[in-house]
Structure formats: C-alpha cells, structure tokens
Amino acid sequence: MSYKVADPSLAREGWLKIEWAEAHMPVLMRIREEFSRKKPLSGIRVSAVLHVTKETAALVRTLRDGGAEVWLAGSNPLSTQDDVAAALAEDGIHVYAWRGQSPEEYYECISRVAAASPNVVLDDGADLHAYLHSRAVDIGSRVWGGTEETTTGVIRLRALEREGKLLYPVIAVNDSLTKFLFDNRYGTGQSTIDGILRATNVLIAGKVFVVAGYGWVGRGIAMRARGMGARVIVTEVNPVRALEALMDGFEVKPMAEAAKIGDIFVTATGDKDVIRGEHLRVMKDGAILANAGHFNVEINVKDLEELAVRKRVIRRNVTEYTLSDGRRLYLLAEGRLVNLVAAEGHPSEVMDMSFANQAYAVKYIVEHRGELRCKVYTLPREIDHAIASHKLRSMGVRIDELTEEQKRYLSSWELGT
Ligand code: NRN
C-alpha cells in the first residue's frame, strides 16, 4: 500500500472539499489545463512536504496531471485534513499524513516520501530539505532541485547556502511577489483570526490584541484585528518595522509591557521564546495565546507548563493553564500555527497564487535541469506578472496599458521639466 492516512472512508468528504477549493483557484486550474495538455512533468518523481489541505490537494493533482508521480507528507503534525488525505490516497497520490502525528511519526512520513528518491522536492518549513541534507544525503545529492513555500524555510535554506552545503538549487516560492504580498499578508491576516475564532468564539471588538512581529504576516494580522474593532499593540525588535507599525497607526510596546494588558496574543516573528515565563507571569486572567509562525517555538510552552498548577483541554484546540494564584491562560493549538490547526489555513483564492508559483517553480526546475547552481533562487518577475494578470482576469478586473509615448518617457532620462 503506497499511502498511509487516518481513515480512507473519509474520502467522500475530502472530495467535496477539494472540489470546493478547485472552484476557487482559477489560476491554478488554468495551469492544470496547460500541464494536462503538454505534460511538462512527464516521468518526474515529486516528493512534497506541505500542509495537507484542500488547496494542497489542488496543487499535487495539478503536478500529477502534468505527468509527475507524487509523494506527499504533512508539514505539521496537527495540520493535516484527514478527509483530504483520504481522497488523495484514492486519487493515486502516495500520501503519508494524518492529524495528530507524534514527532516520530511526523519524521517517519518525511523519510517515506524521501525514499521515493525524487527528482524535485517541494517543502514548507524546510524539514524535508533538512532531512535530505543530513540523514539522506545520498538521496539529496540526486535531487534536481527544490522549492520552499514559507519564510521560515527560506531562512533555513539561506543558512545552508551560506555554509556552501546546498545539494541542489532551490526556488524560494515565498519570495515571489504574488506569494508573500498576498499569502503572508492577506492570507495569514484572515486565517489567523479564523483559527482564533473557530477555537474560542471570543469577541475581537474592544479587546487588546497584541501582535508580535511586524513582517508581512504580522502586518496582515494587525490590519484584520483592527478591522474587527480590536485595540492592536505591536511588539518588534527591528526599529524600522516598529516605526512602520507606529506610522500605520498601531501602538508599539515592548512585550514586557504589552503582556500586562493584552487579552489576545499572536506571535508572528519566526523566532523562538517571543512569549516566555517573564511575560506569562504578568498576564491577565483569561489571556489567550496563539502562534502564527511555522514552528511551535514562539510561545515557550515549557515555561507555561512549569508555571501552571493545573492543565486541561477546555475546548477543541484550547488548553487552559491555571497558575498558582488562580489566573487562567489559554493556549491555542498547542502553540502550533493556529490558522492551519484550528482552521483550514488560508482561503483557496490566495493559495491559488502561492501554488501557481509552486507549479511554475517545479516546471522551471525540470526545464532548467543541470543549468542551475546550488543556491536559492527567486522565480523571474514575468511569472509574477502572468499570475497577477490571470488573477485579475478571473476577478473580472481590467487595468490600463502604457501608451507608446509613456513607454518612451519611462525609459528615457532626457525628458525633464
Ligand atoms: N490552506 C493552505 N494550504 C495554507 N494556508 C497557509 N499555508 C497553506 N498551505 C496549504 C501555508 C502558507 O503558504 C503555510 C505556510 O507557512 C505559508 O507560507
């Protein structure tokens, strides 16, 4: 059996979710038509470690229709949608993923998709890339190229590149304009609020909403929390980003101060220990803690466990920690990325562009096999323009075109006042 999922009988539900996603991903579906006709991935083995969601299903089915054989493992032990995994197994994708994996099972699934000895590898968070560069170097050395979906993964790959250890070229899909400007900002902005609401159903309006990190993810979350009537406080370590937050109209404070007044906290920094013991100790009774970063290191759960005298699951995806003085702190999704664990991740319409970039990146690697160096690349900007144009067209929006005179003006230096 070339798959392992929680419950194959869930396939029917999974198919309905995949159908729903594909109905909202016009750019990727247009690429699927092109891939089905031209088969640019014919005979290629692709191994992917991505969040197994209805949108990822749309991507891997597109790669398969392009001629590839696909192996898929989840990129988080809690983010797999089991019904989608069941449908993919039925659809001939070699999927090894289920919600609620132990760390051992999580890495066992990664080793299973690596064992396919893939030509191209897709990743989200770089756990597959790290595995191929440490425990499976023999397989890694035969890979033609890879892609990386998210900021955290690109940071890890640039570290590998700096050390001169990259075994294959990698395309940083995260760095495409039509990925991070939309997925990281508007996708995470909405899906993080979605995760918090599905888990807690609390009122956002009137609450003190603390966002740690003002990168594209933090900006999106802060923007959407403000839109729902929260009083948003941003914490940062980077003075430029802190200044941006200030001039975008948000309060900016150190976490030590924000911790005393916050009602809802979201970490979006890509770093560890952003919320730790010293902050937890001064938080208000009832404070809610959520992480939007890729790994579960941003909220120091060990400190929380040590401070608590009682711990219980009070709602699905909500763990209540009671401190010695009776204050209760609520941790969402065990500190893992709340949008994909407590909700369904970003909406299909925004993953449409992220995964259009993934599909083009895989095709690019195959077309440029042997030409690329072992470094981190960004896709050509023409691909961003093509994806953005397809997206606008699918939304029924038309824009202006430069006249010949304007083109000349914009490419000249002589014309002045
Ligand atoms: N629905 C989703 N399916 C989804 N929402 C966010 N992501 C998803 N992947 C598959 C990823 C974004 O692209 C999580 C990554 O960390 C982020 O870059």
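Everything quoted here is computed from the prediction, not taken from an experiment. First listed ligand is number 1; within each ligand, the first listed atom is number 1.
Cation-pi geometry between Arg226 and Phe250 is satisfied (NZ or CZ under 6.0 Å from the ring centre, within 45° of the ring normal).
In Glu19, the CD atom is not crowded: 12 or fewer heavy atoms of neighbouring residues, nucleotides or ligands sit closer than 6.0 Å. No more than 12 heavy atoms of other residues, nucleotides or ligands sit less than 6.0 Å from atom CD of Gln190. Within 6.0 Å of NZ on Lys302 lie no more than 12 heavy atoms contributed by other residues, nucleotides or ligands. The environment of Arg30 atom CZ is sparse: at most 12 non-hydrogen atoms of other residues, nucleotides or ligands sit within 6.0 angstrom.
Shortest contact from atom 2 (C) of ligand 1 to any protein heavy atom: Thr53 OG1, 3.6 Å. Summary of contacts: the protein heavy atom closest to atom 9 (N) of ligand 1 is Met351 CE, 3.5 Å. Of the protein's heavy atoms, Asp124 OD2, 3.4 Å lies nearest to atom 14 (C) of ligand 1. Atom 18 (O) of ligand 1 has its closest protein heavy atom at Lys179 NZ, 2.7 Å.
Between the side chain of Lys391 and the backbone N or O of Glu349 there is at least one donor-acceptor pair closer than 3.5 Å. The closest donor-acceptor contact from the side chain of Asp352 to the backbone of Leu28 lies under 3.5 Å.
For Thr150, a nitrogen or oxygen atom sits less than 3.5 Å from a nitrogen or oxygen atom of ligand 1, counting backbone and side chain alike. Distances between N or O atoms of Glu55 and those of ligand 1 include at least one value under 3.5 Å. In terms of N/O distances under 3.5 Å, ligand 1 is not approached by His51. Some N or O of Glu149 is nearer than 3.5 Å to an N or O of ligand 1, by distance alone.
In summary, the atoms of ligand 1 found under 4.0 Å from a heavy atom of Thr56, numbered by their order in the structure, are 3 (N), 10 (C). Set against the non-hydrogen atoms of Glu344, the atoms of ligand 1 under 4.0 Å away are 1 (N). Every atom of ligand 1 with a heavy atom of Gly345 under 4.0 Å away is listed here by number and element: 1 (N), 5 (N). The distance from ligand 1 to the heavy atoms of His346 drops below 4.0 Å at these ligand atoms: 1 (N), 4 (C), 5 (N), 6 (C), 12 (C).
Of the heavy atoms in Phe180, none comes closer than 4.0 Å to ligand 1. At a heavy-atom cutoff of 4.0 Å, ligand 1 is contacted by the side chain of Leu340 but not by its backbone.
Between atom 12 (C) of ligand 1 and the options Leu50, Val154, Asp183, the minimum heavy-atom separation is to Asp183.
Applying the ring-ring contact (aromatic ring centres under 6.0 Å, His included) definition to pairs two or more places apart or across chains, none involves residues 265-291. The list of ring-ring contact (aromatic ring centres under 6.0 Å, His included) pairs with a residue in residues 137-193, not counting sequence neighbours, reads His129-Tyr168, His133-Tyr168, Phe180-Trp216.
With 3.5 Å as the limit, one finds no donor-acceptor pair spanning the side chains of Arg315 and Thr200.
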